Amino acid sequence: MEITKDIISQHGLTDEEYQRILKALRREPNLLELGIFSVMWSEHCSYKSSKIHLKNFPTTGKYVLQGPGENAGIVDIGDGMAVAFKMESHNHPSYIEPYQGAATGVGGILRDIFTMGARPIASLNSLRFGSFDHTKTKYLLNGVAAGIAGYGNCMGVPTVGGEVYFHESYNGNCLVNAMTVGIMKSSKIFKGKAEGVGNLVMYVGSKTGRDGIHGATMASDVFGEGGEERRPTVQVGDPFTEKLLLEACLEVFKTDYVVGIQDMGAAGLTSSSVEMASRGNTGIDLDVSLVPRREEGMTSYEVMLSESQERMLMVVKRGCEDKVKEIFHKWDLEAVVVGVVTNSGFLRIAEDNNIVAVIPIKPLTDNAPVYKRPIKRPEWQDDVQNLDLKSIPEPAVVVGRAAPANNRWAQPTLQNDYNVIFRYCYLNPFTGGAIAVAEAARNLVCSGAKPIALTDCLNFGNPERPEIMWQFEQAVLGMSEACKKFDIPVISGNVSLYNETSGVSIYPTPTVGMVGLIEDISRYATQWFKTEGDIIILLGETKDELGGSEYLKIIHKLDKGKPPHLNLDLEARVQEACLNAIHDGIIKSAHDLSEGGLAVAIAECCISSPKSVIGAEITLHGLGTDLKSVPRADALLFGESQSRIIVSLSQEDVARLMSIADQHSIPAIVIGKVGGKRLKINPHTKDFGVGVNGFIDIPVDDLKVAWKGALERLLRG
């Protein structure tokens with residue numbers, strides 16, 4: 001077939017990139033070779049627009065056993081054990097076909113974990129959908145939730161945390177970010193390397209079909225209206241087969257047969273073979289006629305670019321192939337020798353004794369295009385940051401209005417804190433990126449865990465637009481500064497660009513997943529209040545700020561203002577003080593303040609226990625009874641000032657906590673007491689300008705009902 005300009009364009013390659021292919025091959029490529037370059041040079045596989053910025057991240061640290069560059073990152077947790085974890089996006093596929101897009105996203109991240117030698121033990125997810133009144137929101141939400149639940153439940157891996165947000169910027173591009181954590185022996189780490197000339201390359205798992213062809217290229221492109229025509233590029237998952245694959249891989253890992261192993265994820269057999277050869281500085285000869293197929297008449301192009309799920313590529317010691325086959329056949333899985341490791345530095349592909357492709361490895365990987373895209377601060381940035389609070393009326397709101405909807409119904413199992421503030425990143429991506437890291441660390445600290453490493457999923461629009469690359473650069477710089485301050489390395493992650501439809505990009509959304517270590521399992525905390533009479537203390541400082549808040553969006557329909565100020569030094573001291581107090585055994589509950597601010601956090605402390613609810617009476621400084629300062633009532637209740645944690649503890653331990661706070665030079669103030677069946681905030685305050693006496697006085701049972709059913713009612717209504 002003649003390679004025309006139209007064919008080159010259909011493969012997502014520019015004229016300049018095609019010239020690079022000619023230089024690498026020293027000849028014209030055939031269609032298969034063009035397809036291989038296309039997927040390997042796609043944004044999804046090559047990170048060509050983001051690489052230069054990702055170098056800003058710290059990637060090494062005390063606990064790091066494996067950093068970026070492998071299927072997942074790994075940290076040492078002591079006693080000969082380690083944790084593997086990573087986050088990946090499946091945004092475009094989930095928008096086109098929500099059930100299979102989300103399901104295969106879960107399947108892919110699970111494979112990334114057990115490929116490293118770890119047994120997956122828990123998953124999390126971060127989901128973004130359009131506004132409630134958008135025509136596709138209900139369809140996408142229901143499909144994605146079902147896909148996540150269906151795949152994860154079949155695998156027996158619980159979803160222990162997550163978040164669901166709705167905003168009009170995601171009307172044309174939903175976000176589905178999946179994270180999985182696995183446990184393993186630190187001495188048995190498996191990597192995606194093709195080493196040992198003469199060792200055999202084995203294909204294990206499901207047969208290959210035509211699903212997912214050019215999935216990586218599709219994930220590296222913007223959408224027009226619709227998108228349903230791209231359904232053939234979405235993979236189809238089979239979690240029951242993946243469960244067999246998991247157990248078979250973990251069994252073969254107990255032997256010494258395996259030299260290297262790689263998940264066939266994006267770009268399938270192409271990326272797995274090329275990346276393994278690149279990491280091992282070797283070459284690979286493949287015979288695609290040996291690849292198990294579930295469809296007749298498949299071409300070598302289709303076999304190499306298929307993204308059929310539940311497949312692995314494995315390099316095994318020569319002479320051990322029959323033993324490997326025996327293990328996989330026991331689990332009713334394919335296991336076939338399809339190639340050999342060479343010292344050629346080339347990927348050579350044969351079919352029926354004919355050579356159909358010969359490509360040098362390094363131009364596909366290390367020497368792939370890297371772009372320093374133009375960067376420009378958007379002209380509208382000053383306008384969105386301009387917020388005059390004097391023009392915003394202070395309505396007599398109740399806490400239920402500003403509380404983010406409970407998302408428990410959308411998850412198969414229990415939820416934990418796991419947040420990121422996309423609105424902050426829209427208003428100021430540097431500050432938003434730093435807050436994403438700080439808040440993730442604060443969540444772990446509130447449980448009693450020391451943050452030790454993170455993974456991320458960087459979701460942005462079209463990188464060919466200078467303002468989008470400015471958002472990306474600033475967010476990465478903000479995240480990097482926070483990571484360095486807290487000594488938290490980035491050990492794995494994913495970049496998802498081109499989240500744009502008809503010229504409209506999503507809000508910049510860097511999602512952060514973090515792992516922490518609890519040295520003494522008897523010293524941990526949960527977020528809900530425990531005992532009548534316990535004292536409630538606020539750590540940190542509340543400021544008069546509402547920019548980018550949930551309250552401002554829900555009540556006043558505004559995405560405006562500057563995000564809350566973040567003082568990294570204060571943040572570090574607040575986290576250290578809270579962690580010390582938990583380790584001292586004096587903290588009964590700890591909950592960070594984030595979306596919805598102080599009033600929402602207190603409400604969650606009252607109602608989030610899986611067993612029962614309990615009330616509280618709160619007196620806030622600045623509202624009537626103790627006038628040290630007079631911020632706006634709505635800012636005090638619903639402002640999202642950073643570096644704040646609510647804790648509860650026994651009266652006899654208050655002095656000890658105050659001493660710890662003083663040692664760390666952080667504000668700490670008693671704001672109330674646990675008890676009763678109502679949540680009361682400043683119940684004795686006289687009219688303070690919003691036409692009511694007191695601010696909140698509501699039965700906690702009513703709050704629980706409202707919180708638990710909020711999302712269902714909104715979707716029905």
Side-chain angles (χ1 to χ4, degrees), residues 39 44-45 71-72 86 88-116 120 123 125 143-144 146-157 176-180 182 192 202-219 230-250 261-273 275 291-295 298 302-314 328 331-336 338 494:
V39 293
H44 190 78
C45 290
N71 291 289
K86 189 183 181 183
E88 280 273 6
S89 63
H90 233 222
N91 302 336
H92 283 50
S94 298
Y95 185 77
I96 296 169
E97 213 311 300
Y99 184 95
Q100 290 296 346
T104 53
V106 172
I109 196 65
L110 286 167
R111 288 195 302 279
D112 282 339
I113 298 308
F114 70 77
T115 298
M116 302 300 296
S123 290
N125 54 71
V144 165
I148 291 171
Y151 209 103
N153 289 347
C154 289
M155 288 293 294
V157 179
V176 176
N177 294 176
M179 175 180 172
T180 292
M202 295 190 70
Y203 171 114
V204 300
S206 291
K207 294 182 179 180
T208 295
R210 289 188 170 94
D211 54 316
I213 293 174
H214 272 298
T217 305
M218 174 271 293
R230 298 199 185 199
R231 279 206 175 98
T233 62
V234 177
Q235 310 94 324
V236 178
D238 179 359
F240 297 103
T241 298
E242 177 126 329
K243 176 62 174 174
L244 298 177
L245 183 61
L246 163 65
E247 300 301 338
C249 285
L250 293 182
I261 182 170
Q262 177 84 12
D263 164 38
M264 289 193 216
L269 185 54
T270 290
S271 64
S272 55
S273 57
E275 289 173 3
V291 172
R293 310 179 191 192
R294 64 170 181 257
E295 297 184 45
M298 291 185 69
E302 292 172 324
V303 172
M304 288 300 298
L305 270 63
S306 167
E307 294 184 9
S308 293
Q309 297 292 284
E310 294 85 42
R311 303 179 301 159
M312 296 283 193
L313 197 66
M314 188 179 294
F328 280 88
W331 291 96
D332 292 327
L333 294 171
E334 299 282 348
V336 180
V338 295
N494 172 240

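Numbering of residues begins at 1 and proceeds along the displayed sequence. As the structure is a prediction and not an experimental result, all values here were calculated from the model.
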[X]: what forms a side-chain contact (heavy atoms from CB on, under 4.5 Å) with it, not counting sequence neighbours?
{"X": "Lys207", "value": "Pro292, Arg294, Glu334"}
{"X": "Ser89", "value": "Asn91, Asn177, Cys457, Asn459, Asn494, Ser496"}
{"X": "Thr241", "value": "Ser206, Asp238, Glu310, Leu333"}
{"X": "Ala72", "value": "Lys86, Ile113, Met116"}

Closest contact, heavy atoms only, [X] versus [Y]:
{"X": "Gly209", "Y": "Ser308", "answer": "N-OG, 2.8 Å"}
{"X": "Ala267", "Y": "Cys45", "answer": "CB-SG, 4.1 Å"}
{"X": "Leu246", "Y": "Pro120", "answer": "CD1-CD, 3.7 Å"}
{"X": "Tyr151", "Y": "Gly107", "answer": "CE2-CA, 3.4 Å"}
{"X": "Ala178", "Y": "Ile109", "answer": "O-CG1, 3.7 Å"}
{"X": "Val157", "Y": "Ser123", "answer": "CG1-OG, 3.6 Å"}

Taking only residues two or more places apart in sequence or in another chain, which ones pass side chain to side chain donor-acceptor pair (under 3.5 Å) with [X]?
{"X": "Ser272", "answer": "none"}
{"X": "Thr104", "answer": "His90"}
{"X": "Thr270", "answer": "none"}

To the nearest 0.5 Å, what is the distance between [atom1] on [X] and [atom2] on [Y]?
{"X": "Met264", "Y": "Thr115", "atom1": "CE", "atom2": "OG1", "value": "10.5 Å"}
{"X": "Leu110", "Y": "Glu88", "atom1": "CG", "atom2": "CD", "value": "12.0 Å"}
{"X": "Met314", "Y": "Ile261", "atom1": "CE", "atom2": "CD1", "value": "3.5 Å"}

Student check: side-chain heavy atoms of [X] and [Y] closer than 4.5 Å:
{"X": "Val291", "Y": "Leu269", "answer": "yes"}
{"X": "Phe328", "Y": "Leu245", "answer": "yes"}
{"X": "Ser271", "Y": "Val39", "answer": "no"}
{"X": "Gln262", "Y": "Asn71", "answer": "yes"}

*asked:* side-chain contact (heavy atoms from CB on, under 4.5 Å) for Asp263 and Met312? Distances and angles first, verdict last.
replied: CA-CA 5 Å; Asp263 164 38; Met312 296 283 193; 4.0 Å; yes

*asked:* For the backbone of Glu307 and the side chain of Gln309, can you confirm whether one donor and one acceptor N or O come within less than 3.5 Å of each other?
replied: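 Yes.
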
*Taking salt bridge (Lys or Arg N to Asp or Glu O under 4.0 Å) as the test, write out the residues that go with Glu242, two or more places apart.*
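Partners of Glu242 under the salt bridge (Lys or Arg N to Asp or Glu O under 4.0 Å) test: Arg111.
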
*Mind checking what makes salt bridge (Lys or Arg N to Asp or Glu O under 4.0 Å) contact with Glu295, not counting sequence neighbours?*
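With neighbours one apart ignored, the set is Arg210.
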
